[in-house]
Participant: 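My questions will all concern the structure given below.
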Amino acid sequence: MATMESLIELVNRIQRACTVLGDYGGDGADLPTLWESLPSVAVVGGQSSGKSSVLESIVGRDFLPRGSGIVTRRPLVLQLHKTVKTESGNTEYGEFLHLPKRRFNDFSAVRREIQEETDRMTGKSKMISPIPIHLSIYSPNVVNLTLIDLPGLTKVAVDGQPESIVSDIENMVRSYVEKPNSIILAISPANQDIATSDAIKLAREVDPSGVRTFGVLTKLDLMDRGTNALDVLEGRAYRLQHPWVGIVNRSQADINKNVNMLAARNKERDYFLSSTEYGHLANKMGSEYLAKLLSKHLKLVINEKIPNIISLINKTIYELEREMNQIGAPVAVDAGAQLYTLLELCRAFDRIFKEHLDGGRPGGDRIYGVFDNQLPAALRKLPFDRHLSLQNVRKIVSEADGYQPHLIAPEQGYRRLIEGSLNYFRGPAEASVDAVHFVLKELVRKSIAETEELKRFPTFQAELAAACYAALERFRIDSRKTTIRLVDMESSYLTVDFFRRLPVEMEKGDISSGFSSSVDHFAEGHFRKIASNVYSYIKMIMENLRISIPKAVVHCQVREAKRSLLDYFYAHLGKKEGKQLARLLDEDPALMERRKQCSKRLELYKNARDEIDSISWSTR
Ligand code: GDP
Ligand code: MG
């Protein structure tokens, strides 16, 4: 039996740890909850149904705040610890979790503290809060039991409370009782039709089969003369798996007269023993019986659940540790270690970026798409047919070489036509530079997103991206200069060989076009020939540039990105002071919070495991 007693104590201690470490179930955070796997008794019922009275008579002391309106505005986790009676007295005291090491021997001070602690959390606004107050009561007159007092279900807001309080309370209460491990102590007053009981309504909803609901009927003494509650107490009005318990608490008049709790218990016992209606049920009625019934049931449930709880604890410890590993250790505090971390992050990013360029990851091939498709297509589309139209050739040649140009090879005309054509190549050259620039930028963006280690540092991510973009911009400027220079070089010196071959070809052309035609006809053929000569020269250069522009672009942009993308940034990091380094390592606040939460929860589960390990499992 000692082991059975220690079981409730064990759960008590784990529940305490839960509250200390912020696990009170239903908190919405995406964290594993231990609280929800532990059995507990939740007290539910309408306003003034007698909840506080039942709790107090189970404890045997007055300690709960009273008053009209919604008095209980935070859950009260009440843990009862049975102590051994000693000669010295003072064995009975309360202790709040939020005031550790302070013993409350005066129970009216307990009541005041509950009130004040409620206000501390909810303010004077009379709002409700789901964060429980945790009170332990040590007494020889209690049984080991954990009860949760919840705000009373209500139908209207009072005291200037917002209308939403009605549904807020219902939702909070429901969040406690819908958990499969919650034992529901459903309080209904006997002087009200059971069909209208708020407690039964909610219990029926969350526990339709009634396996975890204990029905309690209060105010039996207040029923109309000539009526009785046997239909309810004997389970005919509303059937539950556990027997109904009838209660007679102190009336308001008793409270006003300060009737002692123990006297009230005796009075209650007498009430049942002497009752003509309930006499046959006397040993299964009353608050003392209720306390024992609940304690026994709780032990049973705990004993049944312990193996599951242990395996849940072990599984959760494993999962939380894995998540903590994923999140990573908190950032180092000294500047040297911070710089090291930053460089490691850069290297991790750089490795992935290079993999993209080298084909280990996708995206780098788009650079070759620029050279294989975009550039040749742009070159093909250049408007040489317009530039070398008969009309334009005639105009340019006439302007350059004066009249009678057809009598000699028009050198100036050729030069101008060629130079004019070469100008068109600047466009595709610059477009290639820009296209590759955007591919590289996109690869930087992708690589940052793919660097797991960077995920927790949004500030550094932005800084790193900015540094990479600035470097790429420098490469782009250099690349543009270089490719334009390639184009310009073509116009500074025309390939001599080409011109040496020209007269021969012209003669051939002249023969074929026929000497017998008119002068005009001759001139037209002459210009056509010039256009075709210029075009074949341009085509030769186009072919050169199609090959040399990619070389320049790769040299200036791709190769540099691989070689020196972060050079400036490294130098810049090296000059930073501790504070600036720390700022760069600003973690995502959500992640820091998550790490904190996980580590707290992990501590809870480890505590719980230690608690369980410390029990001698003689019954197993
Ligand atoms: P709560 O709002 O559910 O916590 O209800 P309380 O425990 O504060 O009780 C409301 C009122 O009903 C108080 O004045 C109690 O004295 C009174 N009361 C509660 N139970 C009984 C009972 O069994 N008999 C009598 N006569 N009065 C009761
Ligand atoms: Mg109350």
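These numbers come from the heavy atoms of this one structure, side chains and all, not from hydrogens, waters or symmetry mates. Throughout, numbering of the chain's residues begins at 1 and tracks the sequence. Note that this is a predicted model, so its numbers are computed, not measured. Order of appearance sets the numbers: ligands from 1, and atoms from 1 within every ligand.
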Participant: Which of the atoms in ligand 1, numbered in the order shown and given with their element, are less than 4.0 Å from a heavy-atom of Q252?
Facilitator: 13 (C), 14 (O), 16 (O)

Participant: Near K51, which atoms of ligand 1 are under 4.0 Å from a heavy atom of that residue?
Facilitator: 1 (P), 2 (O), 3 (O), 4 (O), 5 (O), 7 (O)

Participant: Can K455 and D588 be counted as an ion pair, charged N to O under 4.0 angstrom?
Facilitator: no

Participant: Is there a side-chain contact between T146 and L80 in this structure, where contact means two heavy atoms from C-beta onward sitting under 4.5 Å apart?
Facilitator: no

Participant: Can you tell me if G152 contacts ligand 1 (heavy atom of the residue under 4.0 Å from the ligand)?
Facilitator: no

Participant: With heavy atoms of V248 as the reference, note each atom of ligand 1 found under 4.0 Å away.
Facilitator: 23 (O)

Participant: Taking only heavy atoms of D221 into account, list the atoms of ligand 1 that are under 4.0 Å away from them.
Facilitator: 22 (C), 23 (O), 24 (N), 25 (C), 26 (N)

Participant: Can you tell me how the ring of Y93 sits relative to the ring of Y138, calling it parallel under 30°, perpendicular over 60° and tilted otherwise?
Facilitator: parallel

Participant: N/O/S atom of S48 under 2.8 Å from the Mg ion (ligand 2), yes or no?
Facilitator: no

Participant: Could a heavy atom of S48 be found less than 4.0 Å from some atom of ligand 1?
Facilitator: yes

Participant: For ligand 1, is there an N or O atom under 3.5 Å from any N or O atom of L220?
Facilitator: no

Participant: Does ligand 1 come near enough to T218 that some N or O of the ligand is less than 3.5 Å from an N or O of the residue?
Facilitator: no

